[in-house]
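Here's the structure, in structure tokens; my notes come after.
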Amino acid sequence: MSEKPTNFIRTKIADQIKQGQLTEVVTRFPPEPNGYLHVGHAKSICLNFGLAEEFGGRCHLRFDDTNPEKESQEYIDAIQADVSWLGFDWSALYHTADYFQQLFDWALHLIRNGDAYVDEQSAEAMRANRGTLTEPGVDSPYRDRSPEENEALFLKMRDGELLVGAAVLRAKISMSAPNLNLRDPALYRIRHLSHPRTGDQWCIYPTYDYAHGQSDAIEGITHSLCTLEFEDHRPLYEWLLKKLPVPHRPKQTEFSRLELEGTVTSKRKLNALVEGGYVSGWDDPRMPTIAGMRRRGYSPEGIRFFCERIGVTRKLNTIELQILESSIRDDLERRAHKAMAVLNPLKVVVTNWDQVSLGLDVPWHPKRPELGSRTMLFGRELSIDRSDFELNPPEGFFRLSPGGSVRLKYGFIVDFEDVVLDAQGLVSEVHVRYDPETRSGRDQSGRKVKGTIHWVHAASAREVDVRLYDRLFTVPDPGNYEDLASVMNSESLINGQALVEPALGTLMPDAYFQFERVGFFKQDSESSDDRIIYNRSVTLKHAWAKKK
RNA sequence: UGGGGUGUGGCCAAGUGGUUAAGGCAGCGGGUUUUGAUCCCGCCAUUCGUAGGUUCGAAUCCUACCACCCCAGCCA
């Protein structure tokens with residue numbers, strides 16, 4: 001993992017510091033608690049927290065909780081867990097809801113200055129009067145009320161004397177602005193709903209446009225980073241900051257959102273997958289949510305490495321899944337304990353083994369001795385993977401086949417002797433002879449074999465469940481399909497069993513594993529003492545499989 | 001067709017007037033290897049959306065054109 005790649009935001013900040021325009025960097029990550037965080041949020045988290053960290057500033061975690069209709073405590077808790085799991089500490093926890101009083105007072109300020117008015121048009125009328133992309137809108141009949149009348153009405157809104165939808169507070173900018181966001185945008189709406197944080201204290205709630213910039217100002221945010229679709233909102237963001245006596249002037253900078261090949265990252269669609277029962281929940285290992293990736297066995301470092309690799313620009317981009325997977329592998333390669341597991345067992349009898357089982361001391365990681373070792377047994381009856389034996393091997397096959405030899409990793413070289421077929425003619429057993437001179441670590445024979453395969457000792461192996469995951473969709477751009485059901489991959493989850501060496505048969509919820517020659521695995525959170533479940537996080541790269 | 005953006009190899013992405021256009025992923029070739037993994041080495045854009053122009057010199061400046069993305073929630 002090399003040094004951090006640069007990007008335009010970083011460059012700009014470094015520049016501002018160099019020119020003395022900036023003494024501290026304060027960013028914020030402002031999720032709305034209306035769903036779980038996904039890989040796109042991870043990009044934003046890494047950017048915001050990463051920048052603050054790099055320039056010795058701070059990054060606030062702020063819940064942008066302005067709309068109680070869709071927000072809940074479940075999401076608030078999950079978001080904190082996810083950010084923290086990714087490895088970031090927020091200097092303090094903030095809530096837009098904590099600024100509701102200040103925001104309200106500032107709304108009064110706008111009203112008194114003639115910069116906002118209460119509109120009693122229906123939502124439909126407002127829409128009709130907004131105009132179109134090419135035609136200007138029409139002024140509301142309520143647009144020229146006096147400040148006094150507006151204030152009285154706004155207080156009635158606050159005091160619950162008006163019904164939902166009966167009125168809205170609007171900024172008084174221009175109904176003919178070419179930027180639609182400037183055509184008298186709504187600032188406050190009536191919602192007789194209780195809020196996870198403020199309870200029933202308010203029945204009017206500020207919109208994102210009104211709340212966001214002012215919250216940034218209150219917190220002293222220097223760089224308010226958001227995605228490109230908010231670019232058209234920047235003039236409004238700045239208009240409000242200019243009209244209000246705010247203590248600070250934050251600057252908004254936009255970057256392009258992450259698009260990941262083969263995944264959807266809209267909360268609405270992710271929610272539809274959960275609600276429709278297509279996945280087991282927000283943390284289903286196939287979900288691109290942080291919770292899903294965590295459960296699948298991706299490491300925080302791997303995800304952060306990914307976010308670093310993909311960069312930050314203003315261009316449309318679709319990241320290939322391989323970049324994510326290779327980032328995860330890169331981290332897991334050094335982090336994981338390496339062990340033996342056989343997914344499709346084939347019985348192997350070592351016919352010339354006539355002693356008790358032999359204990360082998362096997363390191364957890366050949367390149368990281370500090371991880372220690374464990375004992376594996378070698379004996380007369382073993383299991384190997386069915387795919388490691390071929391009766392009629394294709395050209396270039398160098399595992400076990402009739403007349404051939406192979407090394408059982410960390411054990412001995414074995415030579416093919418015989419094969420037992422069942423009634424259907426399928427291989428049910430392979431008989432081999434082991435070469436006593438070839439014990440790993442003390443091989444005196446000088447023999448070289450082409451293939452080395454993994455195995456487990458039949459009597460001491462334990463059976464575990466294994467869940468093999470594949471992409472959730474059959475198309476690279478599921479986001480373009482309204483009917484997600486039609487592009488779901490029916491084989492995105494394959495349930496199976498595996499025989500694992502004894503050391504893998506106990507509950508180890510935090511450990512990362514590589515099943516040698518198979519892939520990276522992590523125990524699923526549903527595992528229990530008597531039923532261990534391993535999730536395949538990601539496969540190993542497999543040149544042989546590709547060539548076939 | 002209004003406004004705002006973006007165009008550098010298959011996918012990302014540095015580069016902001018001056019040697020043969022960084023790097024990563026993918027791919028290809030080779031070496032090491034008791035994981036066909038890892039690791040290591042090499043190859044992989046005479047060209048930067050297109051066409052003109054300015055300049056001794058342009059991906060970088062100018063002009064025109066083309067393509068794509070975002071905006072008409074009392075969502076964020």
Side-chain angles (χ1 to χ4, degrees), chain A residues 2-3 5-8 11 30-32 34 64 66-67 69-70 119 121-123 126-128 130-137 164-170 177-183 185-191 204-205 207-209 211-212 226-235 254 256 261 267-268 306 308-327 329-330 333-334 338 340 366-367 396-399 406-411 413 438 440-441 443 448-454 514-519 539-547:
Chain A
S2 50
E3 65 186 64
T6 193
N7 63 58
F8 75 101
T11 305
E32 182 190 14
N34 68 342
D64 208 359
T66 59
N67 186 357
E69 254 173 318
K70 308 192 287 183
D119 194 346
Q121 292 184 104
S122 66
M126 271 182 66
R127 192 184 322 120
R130 184 151 30 234
T132 68
L133 294 180
T134 50
E135 303 154 28
V164 176
V168 65
L169 183 72
R170 289 229 257 175
N179 179 344
L180 302 192
N181 294 119
L182 262 20
R183 315 245 260 230
L187 268 24
Y188 266 94
R189 69 295 223 190
I190 300 169
R191 291 286 179 276
I204 56 171
Y205 292 95
T207 58
Y208 164 86
D209 278 320
H212 205 89
C226 62
T227 45
L228 244 30
E229 63 270 28
F230 292 101
E231 190 159 23
D232 289 341
H233 295 242
R234 186 165 13 113
E254 311 84 15
S256 44
E261 181 187 73
K267 281 187 193 169
R268 201 193 100 238
F306 167 71
E308 230 166 70
R309 272 189 186 175
I310 59 177
V312 178
T313 66
R314 295 167 63 85
K315 284 189 284 196
L316 290 147
N317 62 83
T318 304
I319 307 295
E320 293 178 332
L321 216 54
Q322 296 154 160
I323 299 185
L324 210 210
E325 295 190 336
S326 95
S327 302
R329 285 192 194 104
D330 273 11
E333 165 58 32
R334 63 171 300 286
K338 302 187 174 189
M340 307 280 209
K367 291 182 182 170
F397 183 82
F398 49 83
R399 285 104 94 180
V406 74
R407 173 172 288 282
L408 297 178
K409 186 159 180 155
Y410 294 123
I413 289 176
T438 60
S440 277
D443 188 332
K448 288 280 180 208
V449 289
K450 200 76 171 294
T452 297
I453 64 174
H454 59 103
Q514 180 191 109
F515 291 177
E516 299 218 32
R517 304 209 309 130
V518 179
T539 60
L540 258 32
K541 265 211 284 192
H542 222 322
W544 169 257
K546 268 178 201 157
K547 276 181 186 166

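Convention: sequence-line order gives letters A, B, ...; per-chain numbering from 1.
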Exercise for review: Using a 4.0 Å heavy-atom cut-off across all strands, classify G441(A) as base, sugar-phosphate, or nothing.
Suggested key: base
Check your understanding: Base, sugar-phosphate, or nothing for E325(A), non-hydrogen atoms under 4.0 angstrom?
Key -> nothing
Review point. Just by distance, do the side chain of R183(A) and the backbone of R130(A) share a donor-acceptor pair under 3.5 Å?
Key: yes
Review point. What pattern of brackets, bars and dots sums up RNA chain B from 5' to 3', given Watson-Crick or G-U wobble pairs under 3.5 Å, [ ] for crossing pairs and | for another strand?
Key: .(((((((.[[[..)..(....]]].(((((.......))))).....[[[[[..)....]]]]])))))).....
Practice item. Using a heavy-atom cut-off of under 4.0 Å over every strand shown, decide if G396(A) touches base, sugar-phosphate, or nothing. Key: base
Practice item. Work out which heavy atom in I310(A) is nearest to a heavy atom in I323(A); give both atom names and the distance. Key: CG2-CG2, 4.3 Å
Exercise for review: Give one of base, sugar-phosphate or nothing for K338(A), where a contact means two heavy atoms less than 4.0 Å apart.
Suggested key: base
Point to revise | Candidate nucleotides A76(B), C74(B), C25(B), ranked by approach to the side chain of T66(A) - the nearest | key: A76(B)
Check your understanding: Base, sugar-phosphate, or nothing for N317(A), non-hydrogen atoms under 4.0 angstrom?
Key -> sugar-phosphate
Practice item. Name the nucleic acid region contacted by V312(A), choosing base, sugar-phosphate or nothing; use a 4.0 angstrom heavy-atom cut-off, strictly under. Key: sugar-phosphate
Practice item. Ignoring backbone atoms, test whether T313(A) places a side-chain nitrogen or oxygen under 4.0 Å from the OP1 or OP2 oxygen of A13(B). Key: yes
Exercise for review: Identify whether any heavy atom of D443(A) sits under 4.0 Å from a base atom; if not, whether one sits that close to sugar-phosphate; answer base, sugar-phosphate or nothing.
Suggested key: nothing
Check your understanding: Within less than 4.0 Å of OP1 or OP2 of G73(B), is there a side-chain N or O belonging to R127(A)?
Key -> yes
Review point. Given A76(B), is OP1 or OP2 found less than 4.0 Å from the side-chain N or O atoms of R189(A)?
Key: yes
Exercise for review: Write down the distance between CZ (R314(A)) and P (U16(B)), rounded to a whole number of angstrom.
Suggested key: 19 Å
Review point. Do any N or O atoms from the side chain of T207(A) and from the backbone of A186(A) form a donor-acceptor pair under 3.5 angstrom?
Key: yes
Point to revise | Short side-chain N/O contact to C75(B) OP1/OP2 from R191(A), under 4.0 Å | key: yes
Check your understanding: Taking atom types as they are modelled, is there a donor-acceptor pair under 3.5 Å from the base of A76(B) to the side chain of H233(A)?
Key -> yes
Check your understanding: So, is K267(A) close to the A76(B) phosphate, meaning a side-chain N or O under 4.0 Å from OP1 or OP2?
Key -> no
Point to revise | Sugar-phosphate only, base, or nothing, as touched by L133(A) at under 4.0 Å among non-hydrogen atoms | key: base
Review point. Can you check the L228(A) CG to G7(B) P distance for me, whole Å?
Key: 10 Å
Review point. Would you say a side-chain N or O of K541(A) is under 4.0 Å from OP1 or OP2 of A26(B)?
Key: yes
Check your understanding: Where the side chain of T452(A) meets the backbone of R407(A), is there a donor-acceptor pair that is under 3.5 Å apart?
Key -> no
Check your understanding: Taking for each residue the nucleotide of RNA chain B bearing the nearest heavy atom, is the 5' side occupied by R234(A) or by A123(A)?
Key -> R234(A)
Check your understanding: On a whole-Å scale, what distance lies between the P atoms belonging to C44(B) and G4(B)?
Key -> 43 Å
Point to revise | Nucleotide nearest T452(A) when distance is taken to its side chain, options U34(B), A76(B), U1(B) | key: U34(B)
Review point. With sugar-phosphate meaning primed atoms plus P, OP1 and OP2, does S256(A) contact a base, only sugar-phosphate, or nothing at under 4.0 Å between heavy atoms?
Key: nothing
Practice item. May I ask you to verify if any side-chain N or O of R183(A) is less than 4.0 angstrom from the OP1 or OP2 atom of G2(B)? Key: no
Exercise for review: Assign F230(A) to base, sugar-phosphate, or nothing according to its heavy-atom contacts below 4.0 angstrom with the strands shown.
Suggested key: base
Practice item. Using only heavy-atom distances, decide whether a donor-acceptor pair under 3.5 angstrom links the side-chain of N179(A) to the base of G4(B). Key: no
Check your understanding: For the residue pair Y208(A) and F230(A), does the interplanar ring angle fall in the parallel (under 30°), tilted (30 to 60°) or perpendicular (over 60°) class?
Key -> tilted
Exercise for review: Mark yes or no for whether R170(A), through its side chain, and D119(A), through its backbone, hold a donor-acceptor pair below 3.5 Å.
Suggested key: no
Practice item. Evaluate the side-chain proximity of V312(A) to F8(A): yes if any heavy-atom separation is below 4.5 Å, no if none is. Key: yes
Check your understanding: Starting at the 5' end of RNA chain B, which residue's closest nucleotide do you reach first, L180(A) or E135(A)?
Key -> E135(A)
Check your understanding: Are R130(A) and G73(B) close enough that a side-chain N or O sits under 4.0 Å from OP1 or OP2?
Key -> yes
Exercise for review: May I ask you to say what S122(A) touches in the nucleic acid, namely base, sugar-phosphate or nothing, with a heavy-atom cut-off under 4.0 Å?
Suggested key: base
Practice item. Could you tell me whether a side-chain N or O of R329(A) sits under 3.5 Å from a main-chain N or O of T539(A), the two making a donor and an acceptor? Key: yes
Check your understanding: Y205(A) near the nucleic acid: base, sugar-phosphate alone, or nothing, with a heavy-atom cut-off under 4.0 Å?
Key -> nothing
Check your understanding: Which nucleotide, A76(B), G24(B), C74(B), lies nearest any side-chain atom of V168(A)?
Key -> C74(B)
Review point. Is a side-chain donor or acceptor of T132(A) paired with a backbone partner of T134(A) at a separation under 3.5 angstrom?
Key: yes
Practice item. Looking at every strand, decide which applies to T132(A) at a 4.0 Å heavy-atom threshold: base, sugar-phosphate, or nothing. Key: base
Review point. How long is the line joining NZ of K315(A) and P of G7(B), in whole Å?
Key: 5 Å
Review point. With sugar-phosphate meaning primed atoms plus P, OP1 and OP2, does F306(A) contact a base, only sugar-phosphate, or nothing at under 4.0 Å between heavy atoms?
Key: nothing
Check your understanding: Do R407(A) and U34(B) share a donor-acceptor pair, side chain to base, under 3.5 Å?
Key -> yes
